[in-house]
> 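Dropping the structure in here first, questions after.
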Amino acid sequence: QVQLVESGEGLVQAGGSLRLSCAASGRTFSNYAMGWFRQAPGKEREFVARINWSGGNTYYTDVGKGRFTISRDNAKNTVYLQMNSLKPEDTAVYYCAAKYYTATEYTFWGQGTQVTVSA
């Protein structure tokens, strides 16, 4: 079992920056790849980024490519999403998720944290 708790909720001006954190507890954190997703009201969930167990392999979708950076600190059992050059369309609930490094699906999900970007 992996418990995930996101933090970093806030209201940000367009063009500003925000760093989200996701603290993990339970099973060995470094055995899991971590992903960030987001969902705006009335819209489908979007995959934002993922990072492998060691932090040496990252992947970004077009959602935040060139603006967002995913990273992890295994010593702190925490994954981060640094978001720069934020746009109003980035407004959404952001979720972190974990999957075992050999697995295909994300098994564990956080409760989500609200990010609002004002024009």
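Owing to the predicted nature of the structure, the values given are computational and were not obtained by experimental measurement. Numbering starts at 1 and runs along the sequence shown.
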> Test your reading of the model: is there a side-chain donor-acceptor pair from N52 to the backbone of G56, 3.5 Å cut-off?
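Looks like yes, one N/O pair under 3.5 Å.
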> Shortest non-hydrogen contact from G110 to Y95?
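In terms of heavy atoms, the two residues are closest at O-CD2, 3.6 Å.
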> Working to the nearest 0.5 Å, report the span between CG of N77 and OG of S25.
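Atom-to-atom, N77:CG and S25:OG are 8.0 Å apart.
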> Here's a test for you: under side chain to side chain contact (heavy atoms under 4.5 Å, CB included), which of V117, V115, V12, L18 qualifies with D90?
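That would be V117; it is the only one of V117, V115, V12, L18 passing the side chain to side chain contact (heavy atoms under 4.5 Å, CB included) with D90.
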> Main chain of E6, side chain of Q111: is a donor-acceptor contact present, judged purely on distance under 3.5 Å?
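Yes: the side chain of Q111 pairs with the backbone of E6.
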> After noting the C-alpha distance and the side-chain angles of Q114 and T91, does the key distance pass the side-chain contact (heavy atoms from CB on, under 4.5 Å) rule?
CA-CA 8 Å; Q114 176 70 49; T91 296; 4.0 Å; yes
> Hey, any chance M83 and V63 share a hydrophobic cluster, counting ILVMFWY side chains that come within less than 4.5 Å of each other, even indirectly?
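Yes; V63 is reachable from M83 via cluster members.
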> Would you give the length of the straight line joining atom CD of E46 to atom OG1 of T61, rounded to the nearest 0.5 angstrom?
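One finds 7.0 Å between CD of E46 and OG1 of T61.
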> List the atom of V79, the atom of S71, and the distance in Å for their closest heavy-atom pair.
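So the two residues come closest at CG2-O, 3.1 Å.
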> Quick check: is I51 connected to Y101 through a chain of hydrophobic side chains (ILVMFWY, heavy atoms under 4.5 Å apart)?
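Yes; I51 is reachable from Y101 via cluster members.
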> Kindly indicate whether the side chain of K87, heavy atoms from C-beta on, has any atom under 4.5 Å from the side chain of R67.
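In short, these two side chains touch, coming nearer than 4.5 Å.
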> Do I70 and Y60 have side chains that get closer than 4.5 Å, going by heavy atoms?
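Sidechains of Y60 and I70: in contact.
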> Hey, are N84 and S17 close enough side-chain-wise for a donor-acceptor pair under 3.5 Å?
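Yes.
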> Can you get from L4 to W109 by hopping between Ile, Leu, Val, Met, Phe, Trp and Tyr side chains that sit under 4.5 Å apart?
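No.
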> For residues A119 and A14, report the shortest heavy-atom separation together with the two atoms involved.
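Heavy-atom minimum between the residues: CA-CB, 4.3 Å.
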> What's the spacing between F108 CZ and K99 NZ if we round to 0.5 Å?
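Going from CZ on F108 over to NZ on K99, the span is 12.5 Å.
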> Taking atom CD of E105 as the centre, does the number of heavy atoms from other residues, nucleotides or ligands within less than 6.0 Å exceed 12?
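Result for CD/E105: open.
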> Quick check on the hydrophobic clustering: are V2 and M34 connected, directly or via other members, by side-chain heavy-atom contacts under 4.5 Å?
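Result: yes, single cluster for both.
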> Are side-chain heavy atoms of F68 and L81 found at a separation under 4.5 Å?
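Heavy-atom side-chain distance check passes, below 4.5 Å.
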> Assess the pair Y100 and Y32: is the distance between their ring centroids shorter than 6.0 Å?
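Distance test on ring centres: under 6.0 Å, yes.
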> Does the pair K65/D62 count as a salt bridge with the N-to-O cut at 4.0 Å?
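Between D62 and K65 there is a salt bridge, with a charged N closer than 4.0 Å to a carboxylate O.
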> Out of curiosity, T113 OG1 to E9 CD, how far, rounded to the nearest 0.5 Å?
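Taking OG1 in T113 and CD in E9, the distance rounds to 4.5 Å.
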> Would you compute the distance between atom CH2 of W36 and atom SG of C22 and round it to the nearest 0.5 angstrom?
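So the gap between those two atoms works out to 5.0 Å.
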> Any donor-acceptor pair under 3.5 Å linking the side-chain atoms of R38 with those of Y94?
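Yes, because at least one side-chain N or O of Y94 sits under 3.5 Å from a partner of the opposite role on R38.
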> Kindly give the heavy-atom pair with the smallest separation between F37 and A97, and that separation in Å.
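Smallest interatomic distance, heavy atoms only, reads CE1-CB, 3.9 Å.
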> Between Q13 and S118, does any side-chain donor sit less than 3.5 Å from a side-chain acceptor?
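Judged by distance alone, the side chains do pair up.
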> Does R72 make a cation-pi contact with F29, if we ask for NZ or CZ under 6.0 Å from the ring centre and within 45° of the axis?
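Pair R72/F29 counts as cation-pi.
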> Whether the side chain of Y106 engages the backbone of A33 through a donor-acceptor N/O pair (distance < 3.5 Å, no angle test) should be reported.
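No: the side chain of Y106 does not pair with the backbone of A33.
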